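Notes to accompany the following structure.
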Amino acid sequence: MAMIEVDKLNLSFGEGAEANQVLHDVCFDVGDGEAFGLVGESGSGKTTVLRCLAGQYSHWSGSLAINSERLGRKLDKARCRKLQMVFQDPYGSLHPRHTVETALSEPLAIHGITDASRRIDSILTKVGLPTNFRYRYPHQLSGGQRQRVAIARALILEPRILLLDEPTSALDVSVQAEILNLLADLRKQEGLTYLLVTHDLGVVAHLCDRVAVMQQGRIVDLIESASLVGAVPEHPYTRMLVEASRHYSREMAEVGADLTPAEAV
Amino acid sequence: MMNQTNQPLLQVEDLRVSFTSGGALVDAVRGVSFSLGREKLAIVGESGSGKSTVGRTLLRLHPKSARITASKMQFGDIDLATCSEKTMQSIRGQRMSMIMQDPKYSLNPVMRVGDQIAEAYLAHHKVARAEANQRALAMLEAVRIRDPQRVFRMYPHEVSGGMGQRIMIAMMLITEPEVVIADEPTSALDVSVRLQVLATLDDLVSKRGLGLIFISHDLNLVRSFCDRVLVMYAGRVVESIAASDLDNAKHPYTQGLLASLPSVDQRRERLPVLQRDPAWLTQPIGA
(Lines give C-alpha, C1' and ligand atoms only; values in the text may rest on other atoms or scores of the structure.)
Protein backbone atom coordinates (compact mmCIF):
# COMPACT_ATOMS: atom_id res chain seq x y z
CA MET A 1 0.00 0.00 0.00
CA ALA A 2 1.30 3.42 -0.87
CA MET A 3 1.93 5.82 1.99
CA ILE A 4 2.77 8.80 -0.19
CA GLU A 5 1.29 9.21 -3.65
CA VAL A 6 2.48 12.01 -5.88
CA ASP A 7 0.71 12.22 -9.21
CA LYS A 8 1.34 14.70 -12.02
CA LEU A 9 2.72 17.33 -9.65
CA ASN A 10 3.34 20.61 -11.46
CA LEU A 11 4.50 23.90 -10.02
CA SER A 12 5.42 27.26 -11.52
CA PHE A 13 6.60 30.52 -10.10
CA GLY A 14 5.68 33.79 -11.78
CA GLU A 15 2.83 34.67 -14.11
CA GLY A 16 2.20 34.56 -17.87
CA ALA A 17 5.27 34.92 -20.06
CA GLU A 18 7.48 35.28 -16.99
CA ALA A 19 6.32 31.95 -15.56
CA ASN A 20 9.06 29.54 -14.65
CA GLN A 21 7.91 25.98 -14.36
CA VAL A 22 10.01 24.20 -11.75
CA LEU A 23 8.20 20.84 -11.55
CA HIS A 24 6.99 18.94 -14.61
CA ASP A 25 4.56 16.05 -14.09
CA VAL A 26 6.39 14.54 -11.14
CA CYS A 27 4.89 11.11 -10.27
CA PHE A 28 6.03 8.57 -7.71
CA ASP A 29 4.69 6.38 -4.89
CA VAL A 30 6.33 5.56 -1.58
CA GLY A 31 5.18 2.40 0.18
CA ASP A 32 4.33 2.14 3.86
CA GLY A 33 7.59 1.80 5.78
CA GLU A 34 9.70 2.39 2.69
CA ALA A 35 12.65 4.75 2.45
CA PHE A 36 12.54 6.57 -0.85
CA GLY A 37 15.24 8.92 -2.12
CA LEU A 38 15.16 11.90 -4.45
CA VAL A 39 18.57 12.85 -5.83
CA GLY A 40 19.57 15.64 -8.14
CA GLU A 41 21.67 18.76 -8.38
CA SER A 42 20.71 22.22 -7.20
CA GLY A 43 17.70 23.52 -9.07
CA SER A 44 16.46 20.06 -10.03
CA GLY A 45 13.31 20.53 -7.93
CA LYS A 46 13.94 17.84 -5.36
CA THR A 47 13.46 20.07 -2.33
CA THR A 48 10.46 21.71 -4.00
CA VAL A 49 8.68 18.35 -4.05
CA LEU A 50 9.26 18.06 -0.30
CA ARG A 51 7.99 21.58 0.27
CA CYS A 52 4.78 20.84 -1.64
CA LEU A 53 4.19 17.79 0.58
CA ALA A 54 5.05 19.73 3.71
CA GLY A 55 2.57 22.44 2.81
CA GLN A 56 5.12 25.21 2.32
CA TYR A 57 3.86 25.76 -1.24
CA SER A 58 0.16 25.66 -1.94
CA HIS A 59 -0.18 26.68 -5.61
CA TRP A 60 0.80 23.33 -7.07
CA SER A 61 -1.41 21.37 -9.42
CA GLY A 62 -1.81 17.61 -9.66
CA SER A 63 -2.57 15.39 -6.75
CA LEU A 64 -0.83 14.54 -3.50
CA ALA A 65 -2.08 11.85 -1.16
CA ILE A 66 -0.94 10.53 2.19
CA ASN A 67 -2.23 7.14 3.29
CA SER A 68 -4.83 7.28 0.47
CA GLU A 69 -6.21 10.63 1.67
CA ARG A 70 -5.85 13.50 -0.77
CA LEU A 71 -4.03 16.51 0.57
CA GLY A 72 -5.69 19.89 0.44
CA ARG A 73 -3.78 23.02 -0.40
CA LYS A 74 -3.91 24.42 3.07
CA LEU A 75 -1.63 23.04 5.71
CA ASP A 76 -3.83 21.79 8.55
CA LYS A 77 -3.07 20.31 11.94
CA ALA A 78 -3.99 16.83 10.75
CA ARG A 79 -1.24 16.89 8.13
CA CYS A 80 1.32 17.93 10.75
CA ARG A 81 0.46 14.82 12.73
CA LYS A 82 1.07 12.66 9.68
CA LEU A 83 4.29 14.12 8.33
CA GLN A 84 7.15 16.20 9.64
CA MET A 85 10.28 17.58 8.11
CA VAL A 86 13.95 17.55 9.15
CA PHE A 87 16.02 20.33 7.60
CA GLN A 88 19.53 20.46 6.26
CA ASP A 89 21.26 22.83 8.58
CA PRO A 90 20.92 22.09 12.29
CA TYR A 91 22.65 25.41 12.96
CA GLY A 92 19.84 27.32 11.26
CA SER A 93 16.79 25.21 12.01
CA LEU A 94 16.80 25.49 15.81
CA HIS A 95 15.86 28.75 17.51
CA PRO A 96 19.07 30.01 19.14
CA ARG A 97 17.29 31.42 22.22
CA HIS A 98 14.97 28.47 22.86
CA THR A 99 16.08 25.55 24.98
CA VAL A 100 15.65 22.03 23.68
CA GLU A 101 12.67 21.71 26.00
CA THR A 102 10.96 24.80 24.55
CA ALA A 103 11.61 23.61 20.99
CA LEU A 104 10.17 20.18 21.73
CA SER A 105 7.17 21.30 23.75
CA GLU A 106 5.92 23.83 21.20
CA PRO A 107 4.43 21.27 18.77
CA LEU A 108 2.82 19.52 21.75
CA ALA A 109 1.25 22.75 22.98
CA ILE A 110 -0.08 23.59 19.51
CA HIS A 111 -1.71 20.19 19.24
CA GLY A 112 -3.07 20.27 22.79
CA ILE A 113 -1.10 17.28 24.00
CA THR A 114 -0.73 17.31 27.76
CA ASP A 115 1.96 15.01 29.16
CA ALA A 116 4.74 17.05 27.51
CA SER A 117 7.42 16.33 30.09
CA ARG A 118 7.16 12.57 29.81
CA ARG A 119 7.07 12.72 26.02
CA ILE A 120 10.17 14.93 25.88
CA ASP A 121 12.10 12.49 28.06
CA SER A 122 11.06 9.55 25.95
CA ILE A 123 11.82 11.23 22.61
CA LEU A 124 15.26 12.40 23.79
CA THR A 125 16.09 8.86 24.85
CA LYS A 126 14.85 7.59 21.50
CA VAL A 127 17.21 9.85 19.54
CA GLY A 128 20.10 8.92 21.81
CA LEU A 129 20.44 12.06 23.92
CA PRO A 130 20.53 12.19 27.75
CA THR A 131 17.27 13.55 29.17
CA ASN A 132 19.01 16.43 30.94
CA PHE A 133 19.81 17.89 27.50
CA ARG A 134 16.32 19.39 27.60
CA TYR A 135 17.72 22.35 29.54
CA ARG A 136 20.37 23.16 26.96
CA TYR A 137 20.45 25.83 24.29
CA PRO A 138 21.49 24.99 20.71
CA HIS A 139 24.90 26.66 21.13
CA GLN A 140 25.64 24.15 23.89
CA LEU A 141 25.23 21.26 21.47
CA SER A 142 27.46 19.87 18.72
CA GLY A 143 26.23 19.65 15.13
CA GLY A 144 25.30 16.00 15.46
CA GLN A 145 23.46 16.60 18.74
CA ARG A 146 21.53 19.48 17.15
CA GLN A 147 20.46 17.25 14.29
CA ARG A 148 19.29 14.70 16.86
CA VAL A 149 17.20 17.43 18.49
CA ALA A 150 15.77 18.37 15.07
CA ILE A 151 14.84 14.72 14.51
CA ALA A 152 13.28 14.57 18.00
CA ARG A 153 11.23 17.68 17.23
CA ALA A 154 9.98 16.09 14.03
CA LEU A 155 9.10 12.83 15.79
CA ILE A 156 7.45 14.21 18.91
CA LEU A 157 4.03 14.38 17.24
CA GLU A 158 4.44 10.71 16.27
CA PRO A 159 4.11 11.21 12.52
CA ARG A 160 4.17 8.23 10.15
CA ILE A 161 6.31 10.04 7.60
CA LEU A 162 9.56 11.97 7.85
CA LEU A 163 10.58 14.31 5.06
CA LEU A 164 14.37 14.56 5.25
CA ASP A 165 15.99 17.45 3.39
CA GLU A 166 19.74 16.78 3.17
CA PRO A 167 19.79 15.79 6.85
CA THR A 168 23.52 15.04 6.99
CA SER A 169 25.17 17.31 4.45
CA ALA A 170 26.23 19.88 7.06
CA LEU A 171 27.89 17.21 9.22
CA ASP A 172 31.32 15.59 9.29
CA VAL A 173 31.47 12.04 7.92
CA SER A 174 31.89 10.41 11.33
CA VAL A 175 28.85 12.28 12.67
CA GLN A 176 26.97 11.60 9.44
CA ALA A 177 27.43 7.86 10.07
CA GLU A 178 25.88 8.22 13.54
CA ILE A 179 22.85 10.14 12.24
CA LEU A 180 22.32 7.71 9.35
CA ASN A 181 22.42 4.81 11.81
CA LEU A 182 19.92 6.60 14.05
CA LEU A 183 17.58 7.18 11.10
CA ALA A 184 17.84 3.53 10.06
CA ASP A 185 17.11 2.35 13.63
CA LEU A 186 14.15 4.69 14.09
CA ARG A 187 12.63 3.55 10.83
CA LYS A 188 12.89 -0.06 11.92
CA GLN A 189 11.54 0.56 15.45
CA GLU A 190 8.70 2.90 14.58
CA GLY A 191 7.83 1.65 11.10
CA LEU A 192 8.37 5.13 9.66
CA THR A 193 8.23 6.06 6.00
CA TYR A 194 11.08 8.26 4.75
CA LEU A 195 11.29 10.60 1.81
CA LEU A 196 14.93 11.68 1.65
CA VAL A 197 16.28 14.47 -0.54
CA THR A 198 20.02 14.63 -1.10
CA HIS A 199 22.72 15.24 -3.68
CA ASP A 200 24.89 12.53 -2.15
CA LEU A 201 24.37 9.22 -3.86
CA GLY A 202 26.25 7.33 -1.17
CA VAL A 203 23.81 8.54 1.49
CA VAL A 204 20.73 7.77 -0.54
CA ALA A 205 21.94 4.33 -1.58
CA HIS A 206 22.71 3.55 2.03
CA LEU A 207 19.42 4.62 3.54
CA CYS A 208 16.85 4.14 0.76
CA ASP A 209 15.38 1.18 -1.06
CA ARG A 210 14.48 3.09 -4.21
CA VAL A 211 15.86 6.29 -5.69
CA ALA A 212 14.34 8.73 -8.18
CA VAL A 213 16.83 10.87 -10.09
CA MET A 214 15.62 14.40 -10.83
CA GLN A 215 16.93 16.84 -13.40
CA GLN A 216 15.41 20.21 -14.27
CA GLY A 217 12.10 19.51 -12.56
CA ARG A 218 11.54 16.04 -14.00
CA ILE A 219 12.14 12.54 -12.73
CA VAL A 220 14.49 11.11 -15.33
CA ASP A 221 15.30 7.76 -13.78
CA LEU A 222 14.01 5.42 -11.06
CA ILE A 223 16.33 2.78 -9.65
CA GLU A 224 16.58 0.22 -6.87
CA SER A 225 19.55 0.99 -4.60
CA ALA A 226 20.51 -2.68 -4.53
CA SER A 227 20.91 -2.67 -8.31
CA LEU A 228 23.59 0.05 -8.07
CA VAL A 229 26.14 -2.15 -6.30
CA GLY A 230 29.16 -2.41 -8.58
CA ALA A 231 26.94 -1.57 -11.54
CA VAL A 232 27.03 1.02 -14.30
CA PRO A 233 23.54 2.57 -14.60
CA GLU A 234 22.05 2.88 -18.06
CA HIS A 235 20.77 6.44 -17.87
CA PRO A 236 23.68 8.77 -18.71
CA TYR A 237 22.84 11.32 -16.02
CA THR A 238 22.48 8.66 -13.31
CA ARG A 239 25.72 7.09 -14.50
CA MET A 240 27.52 10.43 -14.12
CA LEU A 241 26.15 10.91 -10.58
CA VAL A 242 27.06 7.37 -9.54
CA GLU A 243 30.55 7.52 -11.04
CA ALA A 244 31.19 10.89 -9.43
CA SER A 245 30.26 9.46 -6.03
CA ARG A 246 32.82 6.69 -6.57
CA HIS A 247 35.78 8.78 -7.69
CA TYR A 248 37.00 11.74 -9.74
CA SER A 249 37.77 10.95 -13.34
CA ARG A 250 38.59 13.00 -16.42
CA GLU A 251 36.12 11.20 -18.67
CA MET A 252 33.23 11.86 -16.30
CA ALA A 253 34.11 15.55 -16.27
CA GLU A 254 33.63 15.62 -20.04
CA VAL A 255 30.36 13.69 -19.77
CA GLY A 256 29.19 16.04 -17.02
CA ALA A 257 29.89 19.00 -19.31
CA ASP A 258 27.53 17.59 -21.93
CA LEU A 259 24.78 16.86 -19.43
CA THR A 260 24.58 20.21 -17.68
CA PRO A 261 23.05 23.37 -19.07
CA ALA A 262 25.68 25.76 -20.41
CA GLU A 263 24.87 28.61 -18.03
CA ALA A 264 25.66 26.47 -14.99
CA VAL A 265 29.25 25.97 -16.05
CA MET B 1 55.19 16.69 -16.27
CA MET B 2 57.94 19.25 -16.55
CA ASN B 3 60.47 20.52 -14.04
CA GLN B 4 60.47 17.21 -12.25
CA THR B 5 63.04 17.86 -9.58
CA ASN B 6 63.47 16.36 -6.17
CA GLN B 7 63.87 19.74 -4.54
CA PRO B 8 60.70 20.34 -2.52
CA LEU B 9 58.89 23.65 -3.10
CA LEU B 10 57.88 23.94 0.50
CA GLN B 11 59.17 22.39 3.69
CA VAL B 12 57.34 22.71 6.98
CA GLU B 13 58.66 21.32 10.22
CA ASP B 14 56.99 21.29 13.61
CA LEU B 15 54.43 23.99 12.85
CA ARG B 16 52.40 25.10 15.86
CA VAL B 17 49.56 27.59 15.84
CA SER B 18 47.51 28.71 18.80
CA PHE B 19 44.83 31.33 19.23
CA THR B 20 43.78 33.18 22.34
CA SER B 21 40.14 32.68 23.11
CA GLY B 22 38.65 34.39 26.14
CA GLY B 23 42.02 34.62 27.85
CA ALA B 24 42.83 30.94 27.30
CA LEU B 25 45.28 29.67 24.71
CA VAL B 26 43.78 27.16 22.27
CA ASP B 27 46.14 24.99 20.26
CA ALA B 28 44.81 24.65 16.71
CA VAL B 29 47.87 23.10 15.08
CA ARG B 30 50.25 21.04 17.19
CA GLY B 31 53.47 20.09 15.48
CA VAL B 32 52.73 19.56 11.78
CA SER B 33 55.56 18.65 9.42
CA PHE B 34 55.36 18.01 5.70
CA SER B 35 57.05 18.85 2.45
CA LEU B 36 55.48 19.70 -0.87
CA GLY B 37 56.95 18.96 -4.28
CA ARG B 38 55.41 19.50 -7.71
CA GLU B 39 52.44 17.38 -6.80
CA LYS B 40 48.86 17.42 -5.58
CA LEU B 41 48.98 17.07 -1.82
CA ALA B 42 45.72 16.69 0.06
CA ILE B 43 45.13 17.67 3.66
CA VAL B 44 42.00 15.91 4.94
CA GLY B 45 40.32 15.90 8.29
CA GLU B 46 37.08 16.80 10.01
CA SER B 47 36.00 20.27 11.02
CA GLY B 48 38.29 21.65 13.67
CA SER B 49 41.21 19.38 12.77
CA GLY B 50 43.33 22.38 11.81
CA LYS B 51 43.57 21.70 8.08
CA SER B 52 42.51 25.19 7.00
CA THR B 53 44.62 26.76 9.73
CA VAL B 54 47.72 25.17 8.20
CA GLY B 55 46.84 26.59 4.77
CA ARG B 56 46.22 30.07 6.12
CA THR B 57 49.40 30.01 8.20
CA LEU B 58 51.50 29.47 5.09
CA LEU B 59 50.18 32.75 3.66
CA ARG B 60 50.20 34.46 7.06
CA LEU B 61 46.49 35.20 6.92
CA HIS B 62 45.89 34.88 10.65
CA PRO B 63 45.27 37.79 12.98
CA LYS B 64 48.29 39.16 14.85
CA SER B 65 47.07 37.54 18.06
CA ALA B 66 47.72 34.08 16.65
CA ARG B 67 50.90 32.51 17.99
CA ILE B 68 52.79 30.77 15.23
CA THR B 69 56.03 28.88 15.72
CA ALA B 70 57.86 26.47 13.47
CA SER B 71 61.35 25.12 13.42
CA LYS B 72 61.21 25.48 9.65
CA MET B 73 58.85 26.94 7.04
CA GLN B 74 61.08 27.06 4.00
CA PHE B 75 59.59 28.26 0.72
CA GLY B 76 62.35 28.33 -1.91
CA ASP B 77 64.99 30.63 -0.45
CA ILE B 78 62.63 32.31 1.99
CA ASP B 79 61.77 31.32 5.54
CA LEU B 80 58.06 32.06 5.90
CA ALA B 81 58.26 31.95 9.68
CA THR B 82 60.66 34.85 10.05
CA CYS B 83 60.45 36.91 6.86
CA SER B 84 59.23 40.51 6.96
CA GLU B 85 55.69 41.58 6.17
CA LYS B 86 57.05 43.22 3.01
CA THR B 87 58.54 39.96 1.76
CA MET B 88 55.28 38.26 2.63
CA GLN B 89 53.40 40.73 0.46
CA SER B 90 55.58 39.89 -2.50
CA ILE B 91 54.87 36.19 -2.00
CA ARG B 92 51.17 36.33 -1.25
CA GLY B 93 49.20 36.10 -4.48
CA GLN B 94 52.37 36.15 -6.54
CA ARG B 95 54.40 33.06 -5.70
CA MET B 96 51.81 31.39 -3.51
CA SER B 97 48.06 31.91 -3.75
CA MET B 98 44.88 30.55 -2.28
CA ILE B 99 41.58 29.44 -3.79
CA MET B 100 38.76 29.83 -1.28
CA GLN B 101 35.72 27.67 -0.78
CA ASP B 102 32.83 29.81 -1.86
CA PRO B 103 33.10 32.23 -4.79
CA LYS B 104 29.90 33.93 -3.59
CA TYR B 105 31.74 35.33 -0.59
CA SER B 106 35.28 35.56 -1.92
CA LEU B 107 34.81 37.70 -5.03
CA ASN B 108 34.35 41.45 -4.76
CA PRO B 109 30.64 41.97 -5.45
CA VAL B 110 30.97 45.52 -6.82
CA MET B 111 33.79 44.95 -9.27
CA ARG B 112 33.64 43.40 -12.70
CA VAL B 113 35.07 39.90 -12.85
CA GLY B 114 37.69 40.78 -15.46
CA ASP B 115 38.91 43.80 -13.52
CA GLN B 116 39.35 41.65 -10.42
CA ILE B 117 41.48 39.16 -12.30
CA ALA B 118 43.53 41.95 -13.90
CA GLU B 119 43.95 43.58 -10.48
CA ALA B 120 45.59 40.42 -9.18
CA TYR B 121 48.14 40.70 -11.98
CA LEU B 122 48.63 44.47 -11.63
CA ALA B 123 49.32 44.11 -7.92
CA HIS B 124 52.53 42.28 -8.71
CA HIS B 125 53.54 43.48 -12.18
CA LYS B 126 54.28 46.98 -13.48
CA VAL B 127 52.43 46.75 -16.76
CA ALA B 128 49.81 48.78 -18.59
CA ARG B 129 46.16 48.16 -17.75
CA ALA B 130 45.53 46.96 -21.31
CA GLU B 131 48.15 44.27 -21.03
CA ALA B 132 46.75 43.07 -17.69
CA ASN B 133 43.31 42.92 -19.27
CA GLN B 134 44.70 40.85 -22.13
CA ARG B 135 46.22 38.45 -19.66
CA ALA B 136 42.97 38.23 -17.70
CA LEU B 137 41.10 37.34 -20.89
CA ALA B 138 43.64 34.68 -21.75
CA MET B 139 43.32 33.32 -18.23
CA LEU B 140 39.52 33.12 -18.50
CA GLU B 141 40.05 31.10 -21.63
CA ALA B 142 42.55 28.85 -19.85
CA VAL B 143 39.95 27.97 -17.21
CA ARG B 144 37.62 27.04 -20.06
CA ILE B 145 35.06 29.80 -19.84
CA ARG B 146 33.19 29.69 -23.11
CA ASP B 147 32.74 33.38 -23.86
CA PRO B 148 35.59 35.16 -22.06
CA GLN B 149 34.85 38.59 -23.58
CA ARG B 150 31.34 38.56 -22.17
CA VAL B 151 32.22 37.06 -18.79
CA PHE B 152 35.04 39.60 -18.39
CA ARG B 153 32.43 42.36 -18.10
CA MET B 154 30.10 40.53 -15.72
CA TYR B 155 29.66 41.10 -12.00
CA PRO B 156 30.01 38.18 -9.56
CA HIS B 157 26.24 38.00 -8.92
CA GLU B 158 25.69 37.34 -12.62
CA VAL B 159 27.77 34.18 -12.75
CA SER B 160 26.95 30.67 -11.53
CA GLY B 161 28.82 28.88 -8.75
CA GLY B 162 30.93 26.82 -11.12
CA MET B 163 31.83 29.84 -13.20
CA GLY B 164 32.65 31.82 -10.05
CA GLN B 165 35.04 29.12 -8.93
CA ARG B 166 36.74 29.12 -12.36
CA ILE B 167 37.09 32.88 -12.09
CA MET B 168 38.75 32.49 -8.73
CA ILE B 169 41.11 29.87 -10.15
CA ALA B 170 41.93 32.28 -13.00
CA MET B 171 42.63 35.05 -10.50
CA MET B 172 44.90 32.86 -8.41
CA LEU B 173 46.86 31.43 -11.32
CA ILE B 174 47.33 34.60 -13.39
CA THR B 175 50.49 35.51 -11.49
CA GLU B 176 51.90 32.06 -12.25
CA PRO B 177 52.50 31.04 -8.64
CA GLU B 178 54.66 28.11 -7.65
CA VAL B 179 52.31 26.89 -4.95
CA VAL B 180 48.51 27.04 -4.87
CA ILE B 181 46.51 26.32 -1.74
CA ALA B 182 42.92 25.31 -2.47
CA ASP B 183 40.68 25.32 0.60
CA GLU B 184 37.66 23.12 -0.14
CA PRO B 185 37.46 24.60 -3.64
CA THR B 186 34.58 22.45 -4.82
CA SER B 187 32.45 21.67 -1.79
CA ALA B 188 29.94 24.42 -2.65
CA LEU B 189 29.46 23.02 -6.16
CA ASP B 190 27.17 20.46 -7.75
CA VAL B 191 28.55 17.09 -8.77
CA SER B 192 28.80 17.65 -12.53
CA VAL B 193 30.17 21.18 -12.15
CA ARG B 194 32.59 19.99 -9.47
CA LEU B 195 34.05 17.43 -11.85
CA GLN B 196 34.64 20.07 -14.50
CA VAL B 197 36.23 22.57 -12.12
CA LEU B 198 38.51 19.82 -10.83
CA ALA B 199 39.46 18.86 -14.38
CA THR B 200 40.39 22.49 -15.07
CA LEU B 201 42.48 22.69 -11.91
CA ASP B 202 44.08 19.34 -12.69
CA ASP B 203 45.14 20.48 -16.18
CA LEU B 204 46.60 23.77 -15.00
CA VAL B 205 48.50 22.18 -12.14
CA SER B 206 50.13 19.52 -14.28
CA LYS B 207 50.75 21.84 -17.26
CA ARG B 208 52.46 24.49 -15.16
CA GLY B 209 54.17 22.10 -12.76
CA LEU B 210 52.77 23.72 -9.62
CA GLY B 211 52.56 22.36 -6.15
CA LEU B 212 48.94 22.12 -5.04
CA ILE B 213 47.77 21.85 -1.45
CA PHE B 214 44.21 20.61 -1.62
CA ILE B 215 42.35 21.01 1.67
CA SER B 216 39.24 18.85 1.80
CA HIS B 217 37.02 16.71 3.96
CA ASP B 218 36.05 14.46 1.06
CA LEU B 219 38.15 11.31 1.22
CA ASN B 220 36.62 9.76 -1.87
CA LEU B 221 37.48 12.78 -3.96
CA VAL B 222 40.98 13.16 -2.59
CA ARG B 223 41.72 9.51 -3.19
CA SER B 224 41.26 9.85 -6.93
CA PHE B 225 42.32 13.47 -7.42
CA CYS B 226 45.51 13.87 -5.38
CA ASP B 227 48.89 12.17 -5.27
CA ARG B 228 49.48 12.16 -1.55
CA VAL B 229 47.27 12.61 1.50
CA LEU B 230 47.96 14.03 4.96
CA VAL B 231 45.29 13.01 7.45
CA MET B 232 44.86 15.51 10.27
CA TYR B 233 43.25 14.92 13.63
CA ALA B 234 43.08 17.47 16.43
CA GLY B 235 45.82 19.66 15.01
CA ARG B 236 48.26 16.87 14.16
CA VAL B 237 49.07 14.84 11.09
CA VAL B 238 48.25 11.28 12.12
CA GLU B 239 49.06 9.71 8.78
CA SER B 240 50.81 10.60 5.54
CA ILE B 241 50.04 8.19 2.74
CA ALA B 242 49.98 7.89 -1.06
CA ALA B 243 46.43 8.53 -2.29
CA SER B 244 46.39 5.27 -4.21
CA ASP B 245 47.34 3.47 -1.03
CA LEU B 246 44.50 4.81 1.15
CA ASP B 247 42.82 1.41 1.28
CA ASN B 248 45.84 0.16 3.23
CA ALA B 249 45.79 3.06 5.69
CA LYS B 250 47.41 2.09 8.99
CA HIS B 251 46.04 4.64 11.40
CA PRO B 252 42.72 3.68 13.05
CA TYR B 253 41.42 7.24 12.50
CA THR B 254 41.98 7.06 8.74
CA GLN B 255 40.47 3.59 8.65
CA GLY B 256 37.51 4.77 10.71
CA LEU B 257 36.88 7.75 8.44
CA LEU B 258 36.98 5.58 5.34
CA ALA B 259 34.69 2.97 6.86
CA SER B 260 32.10 5.52 7.96
CA LEU B 261 31.56 6.78 4.40
CA PRO B 262 28.27 5.51 2.97
CA SER B 263 28.86 3.96 -0.41
CA VAL B 264 26.86 3.05 -3.47
CA ASP B 265 28.78 -0.19 -3.82
CA GLN B 266 28.56 -1.53 -0.32
CA ARG B 267 25.17 -2.28 1.24
CA ARG B 268 25.51 -2.25 5.01
CA GLU B 269 22.84 -2.40 7.63
CA ARG B 270 24.70 0.05 9.87
CA LEU B 271 27.73 2.23 9.31
CA PRO B 272 30.64 1.67 11.68
CA VAL B 273 30.92 4.61 14.05
CA LEU B 274 34.31 6.13 14.71
CA GLN B 275 35.63 5.33 18.19
CA ARG B 276 38.09 8.06 19.13
CA ASP B 277 41.11 6.96 21.11
CA PRO B 278 42.65 9.64 23.39
CA ALA B 279 46.06 8.23 22.51
CA TRP B 280 45.68 9.71 18.99
CA LEU B 281 46.18 13.13 20.54
CA THR B 282 49.69 12.39 21.67
CA GLN B 283 51.26 9.38 20.00
CA PRO B 284 53.89 10.12 17.35
CA ILE B 285 53.13 9.63 13.67
CA GLY B 286 53.58 6.11 12.43
CA ALA B 287 53.21 4.63 15.90
Side-chain angles (χ1 to χ4, degrees), chain A residues 39-44 143 168-182 184-185 188 199-207 211 215 225-226 228-231 233 237 240-265, chain B residues 44-49 144-147 158-163 165-166 186-203 217-226 233 243 253 256-276:
Chain A
V39 293
E41 306 195 314
S42 25
S44 64
T168 59
S169 60
L171 307 173
D172 271 325
V173 282
S174 59
V175 183
Q176 166 172 282
E178 291 171 23
I179 297 294
L180 289 177
N181 284 341
L182 171 69
D185 292 345
K188 211 186 265 173
H199 66 276
D200 187 332
L201 235 96
V203 168
V204 85
H206 174 76
L207 201 63
V211 183
Q215 192 183 18
S225 303
L228 286 175
V229 179
Y237 187 69
M240 193 270 297
L241 291 180
V242 170
E243 288 295 320
S245 82
R246 288 183 174 131
H247 52 85
Y248 156 83
S249 80
R250 278 312 306 255
E251 303 90 77
M252 273 302 134
E254 310 294 332
V255 175
D258 297 336
L259 290 172
T260 39
E263 67 269 22
V265 187
Chain B
V44 297
E46 299 187 276
S47 15
S49 61
R144 288 196 256 157
I145 280 185
R146 277 168 220 193
D147 189 352
E158 298 174 292
V159 305
S160 65
M163 213 192 267
Q165 203 53 291
R166 281 161 197 271
T186 57
S187 43
L189 305 178
D190 267 328
V191 182
S192 56
V193 182
R194 177 193 311 169
L195 286 174
Q196 294 159 56
V197 169
L198 285 173
T200 310
L201 194 59
D202 196 4
D203 285 352
H217 64 274
D218 190 337
L219 273 163
N220 257 340
L221 169 63
V222 151
R223 191 205 299 245
S224 43
F225 184 73
C226 294
Y233 177 74
Y253 178 67
L257 275 188
L258 284 166
S260 64
L261 280 174
S263 145
V264 173
D265 295 311
Q266 210 181 348
R267 307 280 294 161
R268 288 173 292 184
E269 192 77 352
R270 294 176 65 84
L271 294 166
V273 170
L274 196 64
Q275 302 296 337
R276 287 159 211 272

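These numbers come from a predicted model, not from an experiment. Sequence lines set the chain letters: A, B, ... in the order given, protein chains first and strands last, and positions in each chain run from 1.
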*Rounded to the nearest 0.5 Å, what's the gap from CG on A/Leu228 to CD on B/Gln266? Could you check?*
14.0 Å

_Nearest-0.5 Å distance that lies between atom CZ in B/Arg268 and atom NE2 in A/His206_ = 7.0 Å

_Test log, rule side chain to side chain contact (heavy atoms under 4.5 Å, CB included), inputs A/Met240 and B/Leu195_ = CA-CA 10 Å; A/Met240 193 270 297; B/Leu195 286 174; 4.0 Å; yes

*Hey, which of A/Gly230, A/Ala244, A/Ser42, A/Ala184 has the most heavy atom pairs under 4.5 Å with chain B?*
A/Ser42

Identify which part of [X] has an atom lying under 4.5 Å from any heavy atom of chain B, answering side chain, backbone, both or neither.
X	answer
A/Val242	side chain
A/Leu180	side chain
A/Asp200	neither

Could you tell me which portion of [X] (side chain, backbone, both or neither) has an atom closer than 4.5 angstrom to a non-hydrogen atom of chain A?
X	answer
B/Glu269	both
B/Arg270	both
B/Leu261	side chain

*asked:* Applying side chain to side chain donor-acceptor pair (under 3.5 Å), can you list everything that pairs with B/Arg267, at least two apart in sequence or on another chain?
replied: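 In terms of side chain to side chain donor-acceptor pair (under 3.5 Å), with neighbours along the sequence ignored, B/Arg267 is linked to no residue.
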
*For the side chain of A/Asn181 and the backbone of B/Leu271, is there at least one donor-acceptor N/O pair under 3.5 Å apart?*
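Here the side-chain-to-backbone pair exists.
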
What closest approach, in Å, do [X] and [Y] show between heavy atoms, and which atom pair accounts for it?
X	Y	answer
A/Ala231	B/Asp265	N-OD1, 4.4 Å
A/Tyr248	B/Ala199	OH-CA, 3.4 Å
B/Ser263	A/Ala205	O-CB, 4.4 Å

*Is there side-chain contact between A/Arg246 and B/Val264, with heavy atoms separated by less than 4.5 Å?*
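A/Arg246 reaches B/Val264 side chain to side chain.
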
*Can you sort out the partners of B/Arg276 under side-chain contact (heavy atoms from CB on, under 4.5 Å), two or more places apart, ordered by chain and number?*
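side-chain contact (heavy atoms from CB on, under 4.5 Å) check on B/Arg276 returns A/Ser174, B/Glu46, B/Tyr233, B/Tyr253, B/Leu274, B/Trp280.
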
